[in-house]
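Data first, discussion second: the structure below is written as structure tokens.
Computed from a predicted model, the values in this text were never measured in an experiment. One-based numbering, in listed order, for ligands and for the atoms of each.
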Amino acid sequence: MTKWYAEGLKFKCTGCGKCCTGSPGYVWVNEEEIATMSQALGITVEVFYRRYIRRVGQRLSLTEKGPNYDCVFLEDGKTCRLYQARPKQCRTFPFWSHTLASKETWEHAAQDCEGINHPEAKHYSQEEIDSILDT
Ligand code: SF4
Ligand code: SF4
């Protein structure tokens, strides 16, 4: 079946930081990602759990801070302190299955992310998008 984004999509992260703050949410992480982030910070996994992780049912999420619900690793409202070691959820945005469910869900996401459909954005082919989706 032909996908609605068969012609590809445009996206370029401007680094505005909006997707890392603004409302309560979850940045889901797994043990492997926690180990990578702990290493990047030079702390043990145990300390990382204590400082930065909350349990939500069976799942693990990064914590938030401040009145704007900033991700715990957001600095100056824009910069990810762990950018190189950020988890998959952050690396793959906005190419998430529910964002790509339809043109409408993609356009809805574009209302909150100025990088989606950005005029100077990189064009991602369907193959590139699907490979990011599957990572
Ligand atoms: S909202 Fe979009 S453009 Fe802004 S930091 Fe997040 S991904 Fe990048
Ligand atoms: S880990 Fe970094 S990229 Fe991911 S939500 Fe937190 S600040 Fe944003």
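- The closest side-chain heavy-atom distance from Tyr52 to Ile43 is below 4.5 Å.
- Considering only residues two or more places apart in sequence or on other chains, Lys78 meets the salt bridge (Lys or Arg N to Asp or Glu O under 4.0 Å) condition with none of them.
- Atoms of ligand 2 lying under 4.0 Å from at least one heavy atom of Cys90, given by number and element, are 1 (S), 3 (S), 4 (Fe), 5 (S).
- Taking only non-hydrogen atoms, the option from Cys80, Pro87, Cys71 nearest to atom 5 (S) of ligand 2 is Cys71.
- A donor-acceptor contact shorter than 3.5 Å is absent between the side chain of Thr92 and the backbone of Phe95.
- Through direct or indirect side-chain contacts shorter than 4.5 Å among Ile, Leu, Val, Met, Phe, Trp and Tyr, Leu74 is connected to no other residue.
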Taking it one step at a time, do Phe93 and Ile132 satisfy side-chain contact (heavy atoms from CB on, under 4.5 Å)? CA-CA 9 Å; Phe93 181 81; Ile132 293 169; over 6 Å; no

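- Side-chain contact check for Glu46 versus Tyr49: every heavy-atom pair is 4.5 Å or farther apart.
- Protein heavy atom closest to atom 8 (Fe) of ligand 2, with residue, atom name and distance, is Cys20 SG, 2.4 Å.
- Of all atoms in ligand 2, numbered sequentially from 1 with element shown, those under 4.0 Å from a heavy atom of Val27 are 5 (S).
- The only member of Val72, Val45, Val29 that meets side-chain contact (heavy atoms from CB on, under 4.5 Å) when paired with Ile53 is Val29.
- The side-chain hydrogen bond (donor to acceptor under 3.5 Å, both in side chains) analysis of residues 14-43, with sequence neighbours excluded, yields the pairs Thr14-Glu114, Thr21-Asp70.
- Protein atoms of type N, O or S found under 2.8 Å from atom 8 (Fe) of ligand 1 total 1.
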